[in-house]
Amino acid sequence: MSLIESINTEKLPNHLAIIMDGNGRWAKQKGLLRSLGHENGTKSVKKTVEACAKLGIGNLTLYAFSTENWSRPKLEVDTLMKLLVHSLKKELKTLQKNNIRLNSIGNLSKLPSPILKELDEVIEKTKNNSRMTLTLALSYGSREELLNVVKIISDKVKNNIISVEDINESIINQHLYTRNLPDVDLLIRTSGEHRISNFLLWQIAYSELFFTEVLWPDFTEENLYEAIISYQKRERRFGKTSEQIK
Ligand code: FPP
């Protein structure tokens with residue numbers, strides 16, 4: 001039986017998030033420039049996005065650029081930005097064909113204006129698509145996101161828009177970049193690193209984690225299916241006992 005046949009389509013993660021790591025090491029192993037690692041990483045992005053939409057996953061969030069990535073060498077940052085604009089231009093038709101809505105999270109004001117323009121255009125053109133929401137985390141850092149939430153809510157308290165007693169989890173959720181997304185069910189990190197780094201720290205409270213040694217440019221549909229099958233074998237208790245959730 002092929003891997004895809006082992007997937008229970010009734011029990012898919014509604015929100016899958018991926019830390020796409022290992023582009024640099026993939027290139028190094030092959031004696032290539034890091035930029036070629038990122039370029040090949042975009043091929044895995046395309047395969048993964050299409051496979052998720054075909055399976056019926058409602059939300060896919062990809063960590064494409066972190067707040068910390070700005071401190072990489074300028075050449076690498078420029079390459080990543082160019083790849084992003086190029087991919088957005090090239091893949092608009094893939095998004096439309098697969099009925100995928102594009103969304104983005106992060107401190108977008110830090111992005112160069114050609115990226116923002118392209119991003120806004122693709123978001124606008126795909127806004128009525130309903131099969132899957134693809135969220136790109138760009139210039140995203142969870143600590144920055146949470147800091148921002150604290151500032152906005154403090155300001156609302158100061159201006160008597162809400163009272164301290166009213167602050168609850170739901171209010172915090174409504175002020176996050178991910179306000180329109182469900183909690184993450186499954187988080188995958190490639191390349192053998194067992195870290196969350198600065199990704200969706202609030203949103204992954206009860207997520208299942210899947211780590212694979214595979215470097216992102218080598219990540220295939222089969223690796224995706226493997227992660228989903230592992231997820232489907234787990235018992236998600238959300239702090240309760242096994243008996244309580246049966
Ligand atoms: C991590 O590999 C990957 C990134 C910092 C960027 C991810 C970007 C892409 C896959 C391409 C563009 C994305 C889209 C959505 C079109 P690394 O460079 O940290 O690898 P290393 O740890 O081996 O050095």
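One-based numbering, in listed order, for ligands and for the atoms of each.
- What sits closest to atom 6 (C) of ligand 1 on the protein, heavy atoms only, is A64 O, 3.4 Å.
- Residue contact check for ligand 1: R34 places a non-hydrogen atom closer than 4.0 Å to it.
- Taking only nitrogen or oxygen atoms, main chain and side chain alike, L80 does not reach within less than 3.5 Å of ligand 1.
- Heavy-atom proximity to N69, at under 4.0 Å, picks out these atoms of ligand 1: 5 (C).
- Annotation: K90, atom NZ; neighbour count of heavy atoms from other residues, nucleotides and ligands within 6.0 Å does not exceed 12.
- In L83, neither the side chain nor the backbone holds a heavy atom less than 4.0 Å from any atom of ligand 1.
- For ligand 1, the polar-atom distance check against W26 finds no nitrogen or oxygen pair separated by under 3.5 Å.
- Atoms of ligand 1 lying under 4.0 Å from at least one heavy atom of R72, given by number and element, are 5 (C), 17 (P), 18 (O), 19 (O).
- Looking at atom 22 (O) of ligand 1, its nearest protein heavy atom turns out to be R25 NH2, 2.9 Å.
- Of all protein heavy atoms, the one lying nearest to atom 9 (C) of ligand 1 is N23 ND2, 3.8 Å.
- Of all atoms in ligand 1, listed by their number and element, those nearer than 4.0 Å to a heavy atom of G24 are 17 (P), 18 (O), 20 (O), 21 (P), 23 (O), 24 (O).
- Between D155 and K151 there is no salt bridge, since no side-chain N of the basic residue sits under 4.0 Å from a carboxylate O of the acidic one.
- Taking the six-membered ring for Trp and thresholds of 30 and 60 degrees, F199 and Y63 have nearly parallel ring planes, at less than 30 degrees apart.
- In the model, W216 has no side-chain atom that pairs as donor or acceptor with a side-chain atom of S191 under 3.5 Å.
- Using the six-membered ring where Trp is involved, F211 and H194 have ring planes that are tilted, between 30° and 60° apart.
- K89 and E118 are joined by a salt bridge, as a carboxylate oxygen and a charged side-chain nitrogen come within less than 4.0 angstrom of each other.
- Under a 4.0 Å criterion applied to the non-hydrogen atoms of L136, ligand 1 contributes the atoms 15 (C).
- Environment of NZ in K43: sparse, with no more than 12 heavy atoms of neighbouring residues, nucleotides or ligands closer than 6.0 Å.
- Of the candidates T61, N173, T178, D183, Q203 forms a side-chain hydrogen bond (donor to acceptor under 3.5 Å, both in side chains) with just one, namely T178.
- The nearest heavy-atom contact from the protein to atom 1 (C) of ligand 1 is M20 O, 3.1 Å.
- Residue-ligand proximity, W216 to ligand 1, at heavy-atom distances under 4.0 Å covers atoms 10 (C).
- The atoms of ligand 1 that sit less than 4.0 Å from any heavy atom of S87 are 16 (C).
- Contact check on E193 versus R189 returns no salt bridge, with no Lys/Arg side-chain nitrogen under 4.0 Å from an Asp/Glu carboxylate oxygen.
- For L62, no heavy-atom contact with ligand 1 is shorter than 4.0 Å.
- For ligand 1, the atoms sitting less than 4.0 Å from at least one non-hydrogen atom of T42 are 11 (C), 12 (C), 16 (C), numbered in the order shown with element in parentheses.
- Annotation: cation-pi pair K28/W26 absent, no NZ/CZ under 6.0 Å from the ring centroid and within 45° of its normal.
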